[in-house]
Visitor: 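Can you read through this structure? Questions will come right after.
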Amino acid sequence: MRLDPHDPSFINDPYAAYAWMHSTAPIVFWEDFGFWCLAGYDDVSRAFRDKRFGRERPGGYLASVGERPHLADFDRLEAGSMLELEPPVHTRLRSLVNRAFVSRQVERLRPRIEEFANQLIDGFAANRQADLLTAFATPLPSVIIAEMLGVGDEMASQLVAWSNAMVSMYMHAPTRAVELAANDAARQFAAFIRSEVETRRKAPGEDLLSVLIAAREQGDRLSDDELVSSAVLLLNAGHEATVHQIGNSVRTILGQNGDPRRFFATHEHAAATVEECLRIDAPLHMFTRFASEWVELAPGVVIEPGERIGLLLGAANNDPAAFAHPRRFDPARTDQKNVSFGAGIHFCVGAPLARLEMQIGLKVLFDRLPGLRLVYEPAYRDSYHFHGLETLKAEW
């Protein structure tokens with residue numbers, strides 16, 4: 001299959017291509033990426049849980065990417081990230097951060113998330129218009145995760161800038177300029193975290209970074225590089241996808257016409273609405289995995305050890321074999337089972353936080369600004385496999 005991931009028509013409506021895959025080739029070799037991709041819900045869900053597929057690259061991250069002096073700082077961070085590792089190392093790292101993101105712990109943040117969402121709206125409500133992507137969707141999750149780590153909410157905008165530069169490396173065919181910017185961001189980000197670690201060692205607090213440092217000091221075998229990589233990953237993952245999903249969700253809900261508050265009348269309505277937003281227009285459309293052994297994906301489609309496959313989350317979430325009328329927005333649907341946060345051992349550790357931020361943030365936004373309307377139909381960014389808007393200009 002030839003399908004340019006930078007084609008504006010695909011960027012703004014990938015679902016037409018996904019519909020073709022579902023009807024014609026649910027397992028397809030995407031030539032532009034150079035690997036086989038799975039589009040069906042059942043196939044993607046199974047692959048996430050299949051131990052023959054993992055995030056860890058053959059020979060380890062550094063061996064697999066080879067000598068890249070211009071990306072040395074970026075690669076050093078990635079090599080220690082639990083996102084790139086498999087058990088037993090992944091299990092050890094994840095157990096150290098999991099405790100801060102379980103639902104009962106995250107629920108304690110509800111008052112702060114609601115308070116901050118209202119503060120943000122207080123800052124622009126009188127203007128009668130705003131780019132909600134920069135004024136609301138970005139600061140809400142980025143400040144909350146910065147506060148959780150204890151790095152200070154005044155650093156949130158800088159953390160976002162570093163994160164944006166780094167995740168650009170995950171896009172299709174990054175340019176040399178993108179690589180250099182990502183490496184520079186990784187170097188500065190790591191230096192900042194190391195400085196914060198030294199400060200916290202002298203004066204520990206109640207924040208997550210202090211928890212990670214304490215685990216290191218108590219012999220949980222968290223190396224300094226792993227500590228830095230884990231902190232950077234949590235700050236990046238703690239806001240990046242949520243920013244896109246808040247923006248996508250506002251666009252989706254306003255597209256339903258009528259009073260948007262009807263979707264958030266109760267906690268149950270809010271939770272169902274957020275799940276449907278996650279399904280119908282997910283913030284991440286591709287995760288990749290590496291095969292650890294020979295795998296037959298389909299008759300005649302055999303993956304060798306070390307080969308990569310692509311799991312198309314946006315396609316899986318809109319598979320007509322799994323969802324009735326998949327392009328219909330229906331928070332009350334009984335077949336809700338989206339894979340937007342992944343599945344298996346790499347299921348997104350921040351999913352409870354992201355869900356809570358969206359449930360509260362969107363409710364506050366529409367309660368405060370029920371007359372919200374788009375100034376114009378927003379376009380999506382050229383950033384596949386992330387799927388998010390360039391801007392979200394609205395008025396009320």
Visitor: Check for a donor-acceptor pair, side chain of Arg308 on one end and backbone N or O of Trp36 on the other, with a separation under 3.5 Å.
Guide: no
Visitor: Just verifying a value: how many Å separate Leu389 CG and Ile246 CD1, rounded to the nearest 0.5 Å?
Guide: 12.0 Å
Visitor: Donor-acceptor pair, distance only, cut-off 3.5 Å: does the side chain of Asn183 make one with the backbone of Ala72?
Guide: yes
Visitor: Verify side-chain contact (heavy atoms from CB on, under 4.5 Å) between Met286 and Phe386, making sure each step is shown before the conclusion.
Guide: CA-CA 8 Å; Met286 180 191 284; Phe386 282 104; over 6 Å; no
Visitor: Ignoring hydrogens and angles, state whether a donor on the side chain of Glu114 or Asn118 is under 3.5 Å from an acceptor on the partner side chain.
Guide: no
Visitor: Name the atoms and distances for all side-chain donor-acceptor pairs under 3.5 Å in residues 312-321, with sequence neighbours left out.
Guide:
residue : atom : partner : partner atom : Å
Asn317  : OD1  : Val339  : N            : 2.9
Asn317  : ND2  : Ser340  : OG           : 2.9
Asn318  : OD1  : Arg327  : NH1          : 2.7
Asn318  : ND2  : Gly314  : O            : 3.0
Asp319  : OD1  : Ala321  : N            : 2.9
Asp319  : OD2  : Tyr41   : N            : 2.9

Visitor: Compare every heavy atom of Leu235 with every heavy atom of Ala146, then report the nearest pair and how far apart it is.
Guide: CA-CD2, 4.0 Å
Visitor: Would you say Met82 and Glu226 make side-chain contact, with heavy atoms under 4.5 Å?
Guide: no
Visitor: Once rounded to the nearest 0.5 Å, what's the spacing between atom OG of Ser292 and atom CD of Glu56?
Guide: 10.5 Å
Visitor: For residues His70 and Glu179, is any side-chain donor paired with an opposing acceptor at under 3.5 Å?
Guide: yes
Visitor: For Glu67, does the CD atom sit with more than 12 other heavy atoms under 6.0 Å from it, leaving out its own atoms?
Guide: no
Visitor: Once ring-ring contact (aromatic ring centres under 6.0 Å, His included) is applied, do any residues pair with Phe347, and if so which ones, sequence neighbours excluded?
Guide: none
Visitor: Between Phe10 and Tyr15, is the ring centre distance below 6.0 Å?
Guide: no
Visitor: Do Phe48 and Phe53 have side chains that approach each other closer than 4.5 Å (heavy atoms only, starting at C-beta)?
Guide: no
Visitor: If a pair satisfies salt bridge (charged side-chain N to carboxylate O under 4.0 Å, His left out) and one of its residues is in residues 331-349, list it, with sequence neighbours excluded.
Guide: Glu276-Arg333, Arg333-Asp335
Visitor: Output all residues satisfying side chain to side chain contact (heavy atoms under 4.5 Å, CB included) with Glu304, sequence neighbours left out; order by chain, then residue number.
Guide: Trp294, Glu307
Visitor: Within the structure provided, determine whether Leu159 and Ile145 are in side-chain contact (heavy-atom separation under 4.5 Å).
Guide: no
Visitor: What distance separates Leu353 CG from Ile113 CD1, expressed to the nearest 0.5 Å?
Guide: 5.5 Å
Visitor: More than 12 heavy atoms of other residues, nucleotides or ligands under 6.0 Å from CD of Glu296: is that the case?
Guide: yes
Visitor: Say whether, by atom type as modelled, one donor and one acceptor occur between the side chain of Thr273 and the main chain of Phe263 under 3.5 angstrom.
Guide: yes
Visitor: Say whether, by atom type as modelled, one donor and one acceptor occur between the side chain of Ser95 and the main chain of Arg92 under 3.5 angstrom.
Guide: yes
Visitor: Any side chain to side chain donor-acceptor pair (under 3.5 Å) involving residues 76-87? Give me the pairs, sequence neighbours left out, ordered by first then second residue.
Guide: Arg55-Glu84, Arg76-Asp225, Glu78-Tyr170, Glu86-His346
Visitor: Nearest 0.5 Å please: distance from the CG atom of Leu149 over to the CG atom of Leu208.
Guide: 5.0 Å
Visitor: Would you mind reporting whether Arg279 and Pro326 have side-chain heavy atoms less than 4.5 Å apart?
Guide: yes
Visitor: Do side-chain atoms of Asp32 reach the backbone of Arg2 as a donor and acceptor pair under 3.5 angstrom?
Guide: no
Visitor: Would you check if the side chain of Asn12 reaches a backbone N or O of Tyr380 as a donor-acceptor pair within less than 3.5 Å?
Guide: yes
Visitor: Quick one: list whatever passes salt bridge (charged side-chain N to carboxylate O under 4.0 Å, His left out) with Arg373, sequence neighbours left out.
Guide: Glu395
Visitor: Would a distance-only check, ignoring hydrogens and angles, find a side-chain to backbone donor-acceptor pair under 3.5 Å from Trp396 to Ala125?
Guide: yes
Visitor: Backbone N or O of Ala265 within a donor-acceptor pair of the His269 side chain at under 3.5 Å?
Guide: no
Visitor: Before we go on, tell me: are the rings of His385 and His285 under 6.0 Å apart, centre to centre?
Guide: no
Visitor: Is any side-chain N of the basic residue among Asp184 and Arg187 closer than 4.0 Å to the acidic one's carboxylate O?
Guide: yes
Visitor: Are side-chain N/O atoms of Asp207 and Ser210 paired as donor and acceptor at under 3.5 Å?
Guide: yes
Visitor: Tell me whether Arg251 contacts the main-chain N or O of Gly247 through its side chain, where contact means a donor paired with an acceptor under 3.5 Å.
Guide: no
Visitor: When you compare the side chain of His172 with that of Trp30, does any pair of heavy atoms fall below 4.5 Å?
Guide: no
Visitor: Using the salt bridge (charged side-chain N to carboxylate O under 4.0 Å, His left out) criterion, which residues pair with Glu390? Sequence neighbours excluded.
Guide: none
Visitor: Step through the shown structure and confirm whether more than 12 heavy atoms of other residues, nucleotides or ligands are within 6.0 Å of NE2 on His6.
Guide: yes
Visitor: Residues two or more places apart in sequence or in another chain: which of them pass side chain to side chain contact (heavy atoms under 4.5 Å, CB included) with Glu198?
Guide: Arg201
Visitor: Do the side chains of Asp367 and Lys363 get close enough for a salt bridge, i.e. N-O under 4.0 angstrom?
Guide: yes
Visitor: Could I get the full list of side chain to side chain contact (heavy atoms under 4.5 Å, CB included) partners for Leu254, not counting sequence neighbours?
Guide: Val250, Phe366, Leu372, Leu374
Visitor: Any salt bridge between Asp122 and Arg368, counting N to O under 4.0 Å?
Guide: yes
Visitor: Between Asp259 and Arg262, is a salt bridge (charged side-chain N to carboxylate O under 4.0 Å, His left out) present by the stated rule, with each step listed?
Guide: CA-CA 6 Å; Asp259 190 339; Arg262 69 189 187 277; over 6 Å; no
Visitor: If you define the side chain from C-beta out and look only at heavy atoms, does anything of Met166 sit under 4.5 Å from Leu77?
Guide: yes
Visitor: Write out all pairs satisfying side chain to side chain donor-acceptor pair (under 3.5 Å) with one or both partners inside residues 235-250, taking only residues at least two apart or from two chains.
Guide: Ser163-Asn236, Ser163-Glu240, His244-Arg381, Gln245-Ser249
Visitor: Measure the OH-OG1 distance between Tyr376 and Thr391 for me, rounded to the nearest 0.5 Å.
Guide: 3.5 Å
Visitor: Decide yes or no for Phe74 and Leu180: does some side-chain heavy atom of the first lie under 4.5 Å from some side-chain heavy atom of the second?
Guide: no
Visitor: With sequence neighbours left out, write down each residue that passes salt bridge (charged side-chain N to carboxylate O under 4.0 Å, His left out) with Asp4, or none if nothing qualifies.
Guide: none
Visitor: Which pairs with one or both residues in residues 129-152 pass side chain to side chain donor-acceptor pair (under 3.5 Å), sequence neighbours excluded?
Guide: Arg112-Glu147
Visitor: Using only atom types and a distance under 3.5 Å, with no angle test, would you say the side chain of Arg52 pairs donor to acceptor with the backbone of Ala291?
Guide: no
Visitor: Where do Ala130 and Phe124 come nearest, in terms of heavy atoms and distance?
Guide: CB-CD1, 4.0 Å
Visitor: Could you check whether any side-chain heavy atom of Leu227 comes within less than 4.5 Å of a side-chain heavy atom of Arg194, counting everything from C-beta outward?
Guide: no
